[in-house]
Amino acid sequence: MSNRDQFSVEIDGWSHGDPIPAKFAFGKPGNDGPFATSDNLSPAIRWSNPPVGTRSFAIICHDPDVPSVGDDVNLQGKTVPADLPRVPFFHWVLVDIPVGVSAMDQGAAADGVTARGKAVGRTAHGVAGANDYTGWFAGDPDMEGTYGGYDGPCPPWNDSIVHHYHFTVYALDVPSLGLQDGFTGPDALAAIEGHVLASASYMGTYSMNPAVPA
């Protein structure tokens, strides 16, 4: 087994492939309606056995199951069909994590829902990009802003499929990707191309539709 194959990532809070507890989500089913904000805690995450030559790490969390068209999203009497084409939604983009860092505590990248978002740029653990809630809330007078760091699952409460959340840690051969403030998930993926020594992923599922348990 090569050193590349030994690189691994673990998340506390759920087993790989199992449902994600609501405390790690942005939204949850409400008591008086289909939606309520949740605790939005970033999970405790750790990684080990990086390859020789690793100079930094990156974390990208994305959901590949987001509806490509929002016409039926979160509308009473409607259901988002399972056969609708899906697109990725980035929930966490963190790069330039120093090579000496191998873990982040629960709540380090988010502890609650922050209206109008959180800062992008340098943090204690690396450089945070903008997650896709930035675009989702564009034009919303109460929530519009740049959403940096982690913001957890909040799939449509009327979606007919379960959503899958992939937390991937990349071991990179450069100390910095040199990205500008406000970079996005696709920006980070483009920048790491050709620099990945190894990667490892951890997955969880989530649904807000009571008829579609995670």
Side-chain angles (χ1 to χ4, degrees), residues 11 13 20-30 33-43 45 58-75 80 84-95 104 106-123 125-159 161-168 179-191 202-209 214:
I11 289 179
I20 298 173
K23 70 178 182 179
F24 300 117
F26 187 101
K28 63 182 179 181
F35 170 81
T37 55
S38 195
D39 300 307
N40 200 42
L41 285 168
S42 60
I45 183 170
I59 298 173
I60 296 178
C61 172
H62 82 289
D63 166 15
D65 301 315
V66 172
S68 58
V69 178
D71 294 353
D72 296 325
V73 168
N74 296 338
L75 292 179
V80 179
L84 182 72
R86 304 289 168 145
V87 296
F89 188 102
F90 291 88
H91 287 264
W92 193 9
V93 189
L94 184 68
V95 304
M104 293 179 63
Q106 178 177 293
D111 186 358
V113 171
T114 303
R116 300 185 182 279
K118 302 185 295 296
V120 298
R122 178 66 59 182
T123 74
H125 300 94
V127 177
N131 67 54
D132 280 346
Y133 284 103
T134 302
W136 176 255
F137 286 122
D140 184 321
D142 298 318
M143 297 295 288
E144 184 174 38
T146 299
Y147 284 73
Y150 173 86
D151 284 295
C154 189
W157 48 257
N158 63 340
D159 206 341
I161 68 168
V162 172
H163 286 228
H164 300 76
Y165 298 82
H166 300 267
F167 293 75
T168 304
L179 290 167
Q180 299 297 311
D181 281 355
F183 65 89
T184 64
D187 292 333
L189 288 174
Y202 200 92
M203 190 269 288
T205 62
Y206 198 72
S207 173
M208 290 177 55
N209 186 344

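In this chain, residues are counted from 1 in sequence order.
Panel note: side chain Thr134, backbone Tyr147; a donor-acceptor pair is recorded below 3.5 Å. Within the 3.5 Å criterion, the main-chain N or O of Pro156 finds no donor-acceptor partner in the side chain of Asn74. His166 places no side-chain N or O within donor-acceptor distance of the main-chain N or O of His62, the cut-off being under 3.5 Å. With hydrogens and angles disregarded, a donor-acceptor distance shorter than 3.5 Å links the side chain of Asn40 to the backbone of Gly152. In this structure, Asp72 contributes its side chain and Val80 its backbone to no donor-acceptor pair below 3.5 Å. Side-chain atoms of Lys28 never come within 3.5 Å of backbone atoms of Ala36 as a donor-acceptor pair (strictly under, hydrogens ignored). With hydrogens and angles ignored, the 3.5 Å screen pairs a side-chain donor or acceptor of Arg86 with a backbone N or O of Leu84. Side-chain N or O atoms of Asp63 include none that pairs as donor or acceptor with a backbone N or O of Phe89 at under 3.5 Å. Between the side chain of Asn131 and the main chain of Gly149, a donor-acceptor pair closer than 3.5 Å is present.
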Quiz prompt | Derivation of the side chain to side chain contact (heavy atoms under 4.5 Å, CB included) call for Leu179 and Val127 | solution = CA-CA 9 Å; Leu179 290 167; Val127 177; over 6 Å; no

Practice problem: Go through Leu94 and Thr123 one step at a time and tell me if the side chain to side chain contact (heavy atoms under 4.5 Å, CB included) criterion holds. | Solution: CA-CA 9 Å; Leu94 184 68; Thr123 74; 4.1 Å; yes

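Residues Met208 and Cys154 are in side-chain contact: their nearest non-hydrogen atoms beyond the backbone lie under 4.5 Å apart. For the pair Ile59/Met104, a side-chain contact is recorded, criterion being any heavy-atom separation below 4.5 Å from C-beta on. No side-chain heavy atom of Tyr206 sits under 4.5 Å from any side-chain heavy atom of Phe24. Residues Asp65 and Pro155 are not in side-chain contact: their nearest non-hydrogen atoms beyond the backbone lie 4.5 Å or more apart. Between Phe90 and Leu189, the closest side-chain pair of non-hydrogen atoms falls below 4.5 Å. Contact check for Val95 versus Phe183: side-chain heavy atoms found under the 4.5 Å cut-off.
The nearest pair of heavy atoms linking Gly139 to Glu144 is N-OE2, 2.9 Å. Between Gly13 and Pro21 the shortest heavy-atom distance is O-CG, 3.4 Å. Closest heavy-atom contact between Ser38 and Ala22: OG-O, 2.6 Å. Contact record, Asp132 with Pro88: OD2-O, 4.1 Å, taken as the closest heavy-atom pair. Considering every non-hydrogen atom in both Met143 and Ala115, the closest pair reads SD-CB, 3.8 Å. Between Val87 and Ser68, the shortest heavy-atom distance links the atoms CG1-CB, 3.8 Å.
Distance OH/Tyr150 to OH/Tyr133: 8.0 Å, rounded to 0.5 Å. Ser42 OG to Asp151 CG: the interatomic distance, rounded to the nearest 0.5 Å, is 9.5 Å. A distance of 11.0 Å separates CE of Met203 from CD1 of Ile11, quoted to the nearest 0.5 Å.
Ring geometry for Phe167 against Trp92 counts as perpendicular: the plane angle is over 60°, on a 0 to 90° scale with 30° as the lower cut.
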